[in-house]
Amino acid sequence: MTRCRTPLHLFNTFSRTLEEFRPIAPPKVRLYACGPTVYGRAHLGNFRTFLFVDLLRRLLTLFGFEPELVMNYTDVDDKTIAAARAASLALRELTSRQIDLFEEDMKTLHILLPDRRPKATDHIGLMIAMIEKLLQNGHAYLGEDRSVYFRISSFPDYGRLAHLDRQGLQPGARIAQDEYAKESIGDFVLWKGWKPEDGEVGWDSPWGRGRPGWHIECSAMSMHYLGEEFDIHCGGSDLIFPHHENEIAQSRCATGKEFVHLWLHCSHMLVDGEKMSKSLGNVYSVADVLAKGYTGRHLRFLLLTAAHYRQTLNFTWDGLAAAKAAVTRIDDWLARWRLLPAERFAGATPEGEAFLAAFCTSLADDLNLPDALGHFFEFLRATNRALDRNAPMPDLPALWPTIDAVLGLGEPADAPPSQVQELAERRAAARRRRDWKESDSLRKAIEKEGWTVRDTAKGQEVRRR
RNA sequence: GGCGGGGUAGCCAAGUGGUAAGGCCGGGCUCUGCAAAAGCCCCAUGCGUGGGUUCAAUUCCCACCCCCGCCUCCA
């Protein structure tokens, strides 16, 4: 559904500039996003990033491209192993449960599932092969601890993505217990030799039993599914260093190719102005939000529109309430014009076309959804005005799918429970009798149940408060 | 210390060398059995502070003050 024909400009972390987006083989866009480590329930900060990836993917489609999105699941690392042990579950059992929960949350937020969602543990062979290549060409070495390390001194461009000087990596860094095994402090692990706390978890390799390091999985799987050189790699801004820096080093050294053309990073989220942390008790999940009576649509709207993706977003419950109010206003507008007969819509109008152009122009400017949304609300108000005045309307039935292709709100789709339905029916009967007293007391009863009723030309409408 | 991002109305937030989008909240009016929705109107002489450049700066330059992130756990 190509609706925007403006050239798309995106901010490349590597060049730190806005660049016109040109895929390697248009209209195909090969896109990789770093996915979650599946050891526990993902938090809202994670979803801010995945919502950003979803927005990117939806916009690529809107601008006429055909994205193929691969997002990995990190299903083996210290945390997953520890969580499995704590729950007395096999690693695979623990991670598959967490993946189910994660995908449930994704659905709640109307995030389209990526085309492929490879798990690290299903691709160990690929990683071993890649590590062997790096050992052969001298970019990696086997440590005394039977782990394999990448030698960053063998890659002169190391640090270019993060703008970090290799010198700066030397002093003051936190030092793990096994650091003695490395030649240099900045070297990172490609293959971790087996340790007792790994328990059952491990795979045989030319260097003995062990498991892959974190960074190698994304390199191996992205190149496997998308080619040694592909269009876009994205993730949260915290991944710039060391994760993506390391991916660049090992991938380029293994293939000699450029690896990724465009790096995109989503900024982090704060809660009440502070960094999320367990000690502050401000790490919320999608389930926490639902428990407070908000829906995935409200949360999606907030995380997607409250700030541009490269701007820190401050999550507050007041902000969520504001998002809910805005979504309700959109729902009201939708419900309103959808009651009109088809002939009320005039087909393409100058107002409709002007809105669409402005909407696309904003989005083409590094996915400026907050700005695009400003145009949308102006358009919303203008069409409401036309409705009030019985004036010709832009072709809303044709335009709305384009808008919602970006917002992803879908339908409110919220049927009241039977007891509320019953109260509403009694109220309708009371109103027919013009028994206003009874009518008002039934409204109160409905509100007590957490629902609200309003009277329209077509009768009552019951919806969540 | 190094690198980077910010400070715009009660809250969130976009933006531009020519005089501040949009959302939420709030106030007034119209409409409505009531309520809601919707419409109309109002709500920053002001964009961290102090200088400078300019006919003109929130937007450029300099200095300063705050806040936040990254610098090998992290979306």
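Throughout, a chain's letter reflects where its sequence line sits, starting with A, and its residues are numbered from 1.
Within the 4.0 angstrom heavy-atom criterion, base atoms lie near His268(A). Among the protein residues, Lys79(A) comes within range of the sugar-phosphate backbone only, with heavy atoms under 4.0 Å from sugar or phosphate atoms but none that close to a base.
Shown here, C70(B) forms a base pair with G2(B); the pair counts as Watson-Crick or G-U wobble because both key distances fall under 3.5 Å.
Spacing of C1' atoms, C64(B) relative to A20(B), comes out at 26 Å, to the nearest Å.
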Distances for protein N/O vs nucleotides 38-42 of chain B N/O pairs under 3.5 angstrom?
unit_1 : atom_1 : unit_2    : atom_2 : d
A38(B) : O3'    : Asn384(A) : OD1    : 3.2
A38(B) : O2'    : Arg336(A) : NH1    : 3.0
A38(B) : O2'    : Asp388(A) : OD1    : 3.2
A38(B) : O2'    : Asp388(A) : OD2    : 2.8
G39(B) : OP1    : Asn384(A) : OD1    : 3.4
G39(B) : O4'    : Asp388(A) : OD2    : 2.5
C40(B) : OP1    : Arg385(A) : NE     : 2.1
C40(B) : OP1    : Arg385(A) : NH2    : 2.7

What's touching nucleotides 5-15 of chain B from the protein side, N or O pairs under 3.5 Å?
unit_1 : atom_1 : unit_2    : atom_2 : d
G6(B)  : O5'    : Gln311(A) : NE2    : 3.2
C12(B) : O2'    : Ala306(A) : O      : 3.4
A14(B) : OP1    : His308(A) : N      : 3.4
A14(B) : O3'    : Asn368(A) : ND2    : 3.0
A14(B) : O2'    : Asp371(A) : OD1    : 2.7
G15(B) : OP1    : Asn368(A) : ND2    : 2.9

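Going from atom CG of Asp435(A) over to atom C1' of C34(B) covers 13 Å, rounded to whole Å. With rounding to whole Å, Asp440(A) atom CG is found 12 Å from A36(B) atom C1'. One interatomic measurement links the two molecules: CZ of Phe376(A) to P of G23(B), which rounds to 11 Å at whole-angstrom precision.
With C73(B), C24(B), C3(B) as the choices, the nucleotide that has an atom nearest any side-chain atom of Trp214(A) turns out to be C73(B).
The side chain of Lys275(A) places no N or O atom within less than 4.0 Å of a non-bridging phosphate oxygen (OP1 or OP2) of C67(B).
Within 3.5 Å, a donor on the side chain of Arg443(A) pairs with an acceptor on the base of A35(B), or the reverse.
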